[in-house]
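Any value given below was found using the heavy atoms of this structure, including those in side chains, with hydrogens, waters and symmetry copies removed.
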Amino acid sequence: MNEGDGLTMRDRTAIVGVGATPYYKRGESVPQLPMELAAKALLAACADAGLDVHDVDGFALYSMGFDTSLFAQWLGIDVRFAGMLTGGGGGAAGSVGLAAAAIVSGQADCVASIMTLQQAASRFGASYAPRGKPGATYSAPPSPEGSFIQPSGLMGPGQMFAVLAQRHMHRYGTTREHFAEVAISTRNNAIRRPTALMQKPLTLDEYFDARMIADPLCLFDFCLECDGAVAVITMSAERACDCAQPPVYVAASANGGAGKWGQAITWFGMPDEYFASSGHRTVAADAYRMADIGPADVDVALLYDHFSPMVIMQLEDYGFCPIGEGGRFVADGNIRWPTGSLPVNTHGGNLSEAYIIGMTHVKEAVEQLRGTAVNQVEGAEVALVTGGPASIPVSNLVLHR
Amino acid sequence: MQGVPPADVIRLMPNVWTEPFWRATAEHRMVVPRCTACGTFRLPPTPFCPSCASQDLEWVEHDGRGTIYSFTVIRHAVIPDVLDALPLIAAVVELPGTGGCRLVGNVVGVAPEEVRISQEVTVDWYDVREGETVPVFRLA
C-alpha cells in the first residue's frame, strides 16, 4: 500500500465518450462560432457514450476555457461543477483529471472536458507580440515579466521553445535529425488517418529543405494552426459500465510542476538541470506513483507535440530513456508505429493531424484502449497522455482498459 | 541600432519591483537585486526571495559581462512590423557572480552563424525611447 492510497482516485472513474468536430485549417471553421464547435463536439461525445447531453452535469476546462454559463444556457444543462485548470495548453490531459476529481469528490456525476479552438482572428504564434500591431491578434497584455523577454523580439512560443531546444542540443548532443525523426514518424501516422490535415509523407530532404523559423526549429518542427473542438466525457467507474462503449479507466492524472520551472519559456531562469526539459518531471513521478506503474508499463504514448524537440524532452522526463538520451532514443526507431518499443502520437499529433491544444491526444488514447484506433497498437493496455510543456501547470493522464 | 526589433514594437511595463532595474538601464547601468537576508540574486526582480521568502533586497551593480547560455535566430516575422529587422539573434545570457541569473536580449554586431553557446558577451544599450533602454549584447 502506498502512503495516501485511501485518497487516490485511481480507477474510480472512466472515460465513457469522446467526440470531435472535423479539424480545419486555421480560420476555415468560420462561420461556426467557437462555442458552437464545442457543443458539436460534446454532442458527438454524448452520442459515442450513449448519453443525452442533459446527463452532463459538469465541465472541467483548461487554457482559459470558455463561458460555461452561456454554454449551459444554450444546451439547457444543469451544472454542478464548473472548474478549470490555470495556465494554458499544459492542462490538456489534466482537464480529465480535474473531471475525475470532481466525480470522486461527489460534486458531479458526468463531467465534460472540452477544448474548442478557432484561430481565424487570432494566432497563438504571435502570443507575445505587442497588442494593437497588425498580426498581433492574440496577445497577452504587456507585463512586468514580459518586459524582460519581449524586447528581444521573442514574440511566439515556437521561438521561445527553440531556445530550450538549442540548449538541449548543446548539452546532450541532440541533432536536427532527431527532431526530423519526430516530425517524420508523426507524419507517417497521420497519413493513414482521414481526419488528419496532413496527408502526404514527409521526407528527410523535405525537412532539411524547409525554411528555418527560429533556429534550430524549421517549419516542420512546428505544430499546425487549426480550428476545431474535442470533447471527452468522464463518469464514475460504476456508471461507466452502463454506457455504450467499453470504459477506459483513469488510472492517474497529475498537474502542476516545480517552482524552479515556473513560467518556463517566459522566464528562462530555470536551473541548468531543468532548462532543457519539458517541465514534466514532477508530474510524471506523481502519475506513476498514483497509477502504480512505471514507464515500462506504458504501451502507447500520446505526447503533446507543439514543437518536435519537446517530444524528445518528454520521453526523457517520463523515463522512457535517460535524461539527454531522447534524441538517440527516437533515432533508434523507438517511437515508430507499429515497430517501435513505444509508439508515440499514433494519431498524427499536433504536428500532422490537428492542433486542438492537446485534446486529440486524449481522444486517441481512448481509441487505442478500446482497440478501435486507425493505427492500433496491438494489445494496448496502458496509455500515457500529456499536456503541453508550458508554464505551470503541466499535466498528464494515465488510462487503461 | 541594427539587430534589434523596431522601437515601436517594444513595450516596457515596469512595476514597483522592476522599476529600479529599468531606471538603471536608462542610465546605461546594470543592477541585479540580491536578497539581503540570504544573499540570493533573482531576475527578473520579484516581490519575494525564492529561497527564503524575504522581501528585503539590495541592488547590486553588475559589469554587464556574461556568457551566452542559449539562443535562437528569429528568421520568421510573426508580425509584419519586425520583418525588416530580421534575422534577430535572441539570447539568454547568464551573468557571472549572480548565482545563475539570466537576462534575455539581442546579440548585435555579429552574423547569426558566428554565435555559439558559451561565448562571452558584454552589455550594450538600446535606447528605445526617451527614458527607456533595454540591454543588448556584443561578443566580448
Side-chain angles (χ1 to χ4, degrees), chain A residues 123-137 139 141-171 211-219 222 259-260 262-263 266-272 275-276, chain B residues 3-19 21-22 42-46 50 69-82 85-94 100-107 112-113 115-118 126 128 132-136:
Chain A
R123 299 181 75 172
F124 288 175
S127 295
Y128 305 101
R131 266 188 187 178
K133 285 288 177 190
T137 47
S139 292
S143 71
E145 295 73 30
S147 299
F148 284 80
I149 307 285
Q150 185 261 349
S152 68
L154 291 173
M155 296 179 184
Q159 301 168 340
M160 295 158 160
F161 280 106
V163 176
L164 273 58
Q166 186 90 262
R167 185 72 193 176
H168 199 275
M169 296 170 88
H170 173 81
R171 187 171 167 135
R211 62 195 168 95
M212 298 302 290
I213 304 292
D215 300 11
L217 304 189
C218 72
L219 180 67
F222 279 64
K260 62 188 175 186
Q263 289 191 306
T266 51
W267 177 37
F268 292 121
M270 304 85 90
D272 190 48
F275 190 93
Chain B
V4 296
D8 68 346
V9 305
I10 295 177
R11 308 268 170 85
L12 295 186
M13 184 188 175
N15 67 9
V16 64
W17 293 94
T18 66
E19 195 268 342
F21 177 89
W22 297 115
R42 60 186 191 264
L43 275 178
T46 50
Y69 179 78
S70 195
F71 68 98
T72 184
V73 182
I74 300 169
R75 299 186 188 271
H76 171 79
V78 298
I79 58 170
D81 279 37
V82 299
L86 300 182
L88 290 167
I89 305 163
V92 177
V93 172
E94 200 154 272
C101 279
R102 303 186 191 126
L103 281 175
V104 177
N106 296 118
V107 180
E113 292 70 28
V115 177
R116 300 280 182 278
I117 287 174
S118 297
Y126 173 23
V128 177
E132 287 191 11
T133 297
V134 300
V136 298

Where on A/Arg123 is there a heavy atom nearer than 4.5 Å to chain B: the side chain, the backbone, both, or neither?
neither
Does B/Tyr69 offer a backbone N or O that forms a donor-acceptor pair with the side chain of A/Arg167 under 3.5 Å?
yes
Heavy-atom side-chain proximity of A/Leu164 to B/Ser70 below 4.5 angstrom
no
Heavy-atom distances under 4.5 Å only: say whether B/Leu88 touches chain A with side chain, backbone, both or neither.
side chain
Sequence neighbours left out, what passes ring-ring contact (aromatic ring centres under 6.0 Å, His included) with A/Phe161? Give chain and number order.
A/His306, A/Phe307
Hey, does B/Val4 have a side-chain heavy atom less than 4.5 Å from the side chain of A/Pro151?
no
Are A/Arg171 and B/Ile117 close enough, and set up right, to give a side-chain contact (heavy atoms from CB on, under 4.5 Å), and what steps lead you there?
CA-CA 10 Å; A/Arg171 187 171 167 135; B/Ile117 287 174; over 6 Å; no
Would you confirm whether B/Arg102, through its side chain, and A/Met270, through its main-chain N or O, come within 3.5 Å as a donor-acceptor pair?
yes
Distance check, rounded to the nearest 0.5 Å: A/Ser143 atom OG versus B/Asn15 atom CG?
9.0 Å
Taken to the nearest 0.5 Å, the spacing of A/Leu154 CG from B/Thr72 OG1 works out to 7.5 Å
Residues two or more places apart in sequence or in another chain: which of them pass ring-ring contact (aromatic ring centres under 6.0 Å, His included) with B/Tyr126?
none
Looking at every heavy atom in both A/Gly153 and B/Ile74, which two are closest together, and how far apart are they?
O-CD1, 3.3 Å
So how far is it from A/Glu145 CD to B/Thr46 OG1, rounded to the nearest 0.5 Å?
8.5 Å
Could you check whether any side-chain heavy atom of A/Pro134 comes within less than 4.5 Å of a side-chain heavy atom of B/Asp81, counting everything from C-beta outward?
yes
Closer than 3.5 angstrom, by distance alone: can the side chain of A/Gln166 be matched with the main-chain N or O of B/Val73 as a donor-acceptor pair?
no
At a 4.5 Å cut-off on heavy atoms, which part of A/Pro271 comes close to chain B: side chain, backbone, both, or neither?
backbone
Portion of B/Trp22 that has a non-hydrogen atom of chain A nearer than 4.5 angstrom:
side chain
As an exercise, state the distance from OG of B/Ser118 to NE2 of A/His170, rounded to the nearest 0.5 Å.
4.0 Å
Report yes if some heavy atom in the side chain of B/Phe71 is under 4.5 Å from a heavy atom in the side chain of A/Val163; otherwise report no.
no
Restricting to non-hydrogen atoms, name the atom on A/Ser152 and the atom on B/Pro5 that form the minimum distance, rounded to 0.1 Å.
C-CG, 3.8 Å
Residue pair A/Gln159 / B/Arg75, side-chain heavy-atom distance below 4.5 Å
no
Donor-acceptor pair, distance only, cut-off 3.5 Å: does the side chain of A/Ser147 make one with the backbone of B/Met13?
yes
Separation of B/Leu12 CG from A/Phe148 CZ (nearest 0.5 Å)
9.0 Å
Let's test your reading of the structure: which of B/Ala90, B/Ala7, B/Pro44 forms the most heavy-atom pairs below 4.5 Å with chain A?
B/Pro44
A/Trp267 side chain to B/Leu43 main-chain N or O, any donor-acceptor pair under 3.5 Å?
yes
Residue among B/Val136, B/Asp8, B/Leu103, B/Val134 with most heavy-atom pairs under 4.5 Å to chain A
B/Asp8
Please rank A/Gly158, A/Pro142, A/Ala165, A/Ala162 by heavy-atom pairs under 4.5 Å with chain B and give me the top one.
A/Pro142
Which atoms of B/Asn106 are under 4.5 Å from chain A, going by heavy atoms: the side chain, the backbone, both sets, or neither?
both
